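This chain uses plain numbering: 1 for the first residue, then up along the sequence. Worth saying up front: this structure is predicted, and the values here are computed from it rather than measured.
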Amino acid sequence: MLKIAVTYDNGKIFQHFGHTEQFKVYDTENGKIVKSEILESNGSGHGALATLLAINKVEVLICGGIGGGAQEALRQAGIRLYAGVQGNADAAVNMLIANKLTYDPNARCDHHAEHHEGHNCAEHKCGEHKCGEHK
């Protein structure tokens with residue numbers, strides 16, 4: 001069995017890992033999704049999100065943009081990362097278990113050290129996220 005989490009918002013892959021409010025977590029077995037559930041992040045923040053996923057025994061994360069610190073936290077937690085993914089969350093998981101998922105190993109948000117309180121989306125480029133997706 002492989003446990004996969006996706007940054008999640010209304011059926012789609014949420015494009016900013018550190019601001020995700022929900023993960024959709026999938027249990028997969030023999031190339032099929034056998035169960036899925038919504039995991040609330042409760043506004044945990046970047047480092048705590050990796051811990052939340054690890055506590056829930058997630059082995060793989062699919063997301064949009066993600067910062068270097070969060071990537072390192074996931075690596076230390078032993079969670080494989082597929083970043084730079086867009087579109088429907090369920091479809092992305094099905095593509096991953098079929099070994100057909102297109103992702104960008106270099107998808108990064110490099111602006112994390114510069115802001116968090118009152119940042120201006122026009123000042124940065126973050127993967128492919130759209131500023132309207134910020135919560």
Side-chain angles (χ1 to χ4, degrees):
M1 175 145 28
L2 181 66
K3 199 163 205 173
I4 303 167
V6 179
T7 52
Y8 190 75
D9 184 39
N10 197 28
K12 303 260 188 236
I13 299 166
F14 187 68
Q15 292 298 302
H16 195 144
F17 173 79
H19 291 274
T20 195
E21 294 180 6
Q22 295 180 323
F23 293 97
K24 189 166 183 183
V25 179
Y26 302 80
D27 291 337
T28 65
E29 200 165 7
N30 299 323
K32 292 187 175 24
I33 297 170
V34 295
K35 178 182 161 196
S36 66
E37 62 188 339
I38 301 298
L39 176 63
E40 299 288 337
S41 73
N42 298 316
S44 295
H46 297 80
L49 290 173
T51 301
L52 175 68
L53 294 174
I55 288 169
N56 284 277
K57 302 194 178 354
V58 168
E59 300 163 81
V60 173
L61 173 68
I62 298 172
C63 69
I66 184 168
Q71 288 180 6
E72 179 61 19
L74 291 167
R75 189 190 65 71
Q76 288 181 4
I79 298 170
R80 285 193 320 254
L81 174 63
Y82 293 86
V85 182
Q86 298 180 46
N88 181 280
D90 294 353
V93 171
N94 281 313
M95 294 295 284
L96 177 67
I97 57 183
N99 292 315
K100 295 180 180 176
L101 182 66
T102 302
Y103 68 100
D104 179 0
N106 298 311
R108 294 184 70 130
C109 291
D110 291 322
H111 62 274
H112 289 87
E114 301 139 26
H115 78 285
H116 281 287
E117 294 302 318
H119 84 282
N120 178 344
C121 289
E123 295 173 356
H124 67 270
K125 301 215 182 325
C126 177
E128 293 292 322
H129 89 272
K130 293 170 185 57
C131 293
E133 293 176 343
H134 283 247
K135 300 258 180 209

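Among all heavy-atom pairs drawn from A50 and A77, the shortest one is O-CB, 4.4 Å. The two residues I79 and A54 make their nearest non-hydrogen contact at CD1-N, 3.9 Å. Among all heavy-atom pairs drawn from T7 and G64, the shortest one is OG1-N, 4.1 Å.
Side chain of S41 to main chain of T20: a donor-acceptor pair is present (N/O by atom type, distance under 3.5 Å, no hydrogens or angles).
Between the CZ atom of F23 and the CG atom of L49 there is a distance of 4.5 Å, given to the nearest 0.5 Å. The NZ atom of K3 sits 14.0 Å away from the CG atom of L61 when rounded to the nearest 0.5 Å. To the nearest 0.5 Å, the span separating CD1 on I62 from CG on L101 amounts to 5.5 Å. Taking CZ of F14 as the start and NE2 of H19 as the end, the distance is 7.5 Å to the nearest 0.5 Å. The CG atom of D104 sits 10.0 Å away from atom CD of Q86, with the distance rounded to the nearest 0.5 Å. Taken from OH in Y8 to CD1 in I13, the straight-line distance is 10.5 Å, to the nearest 0.5 Å.
Scanning for side-chain hydrogen bond (donor to acceptor under 3.5 Å, both in side chains) contacts around R75 gives E72, with sequence neighbours left out. Every residue meeting the ring-ring contact (aromatic ring centres under 6.0 Å, His included) condition with Y103, not counting sequence neighbours, appears here in chain and number order: Y82.
Listed by first then second residue, pairs satisfying side-chain hydrogen bond (donor to acceptor under 3.5 Å, both in side chains) with a partner in residues 54-64 number zero, not counting sequence neighbours. Residue pairs that meet the ring-ring contact (aromatic ring centres under 6.0 Å, His included) test with at least one member in residues 47-79, sequence neighbours left out, do not exist here.
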Distance-only donor-acceptor hits, side chain of residues 28-35, under 3.5 Å, sequence neighbours excluded:
unit_1	atom_1	unit_2	atom_2	d
T28	OG1	L2	O	2.9

Output a table of donor-acceptor pairs, distance under 3.5 Å, between side-chain atoms of residues 88-100 and any protein atom two or more places apart or on a different chain; print 'none' if there are none.
unit_1	atom_1	unit_2	atom_2	d
N88	OD1	D90	N	2.9
N88	OD1	A91	N	2.8
D90	OD1	K24	NZ	2.9
D90	OD1	Y26	OH	2.5
N94	ND2	D90	O	3.3

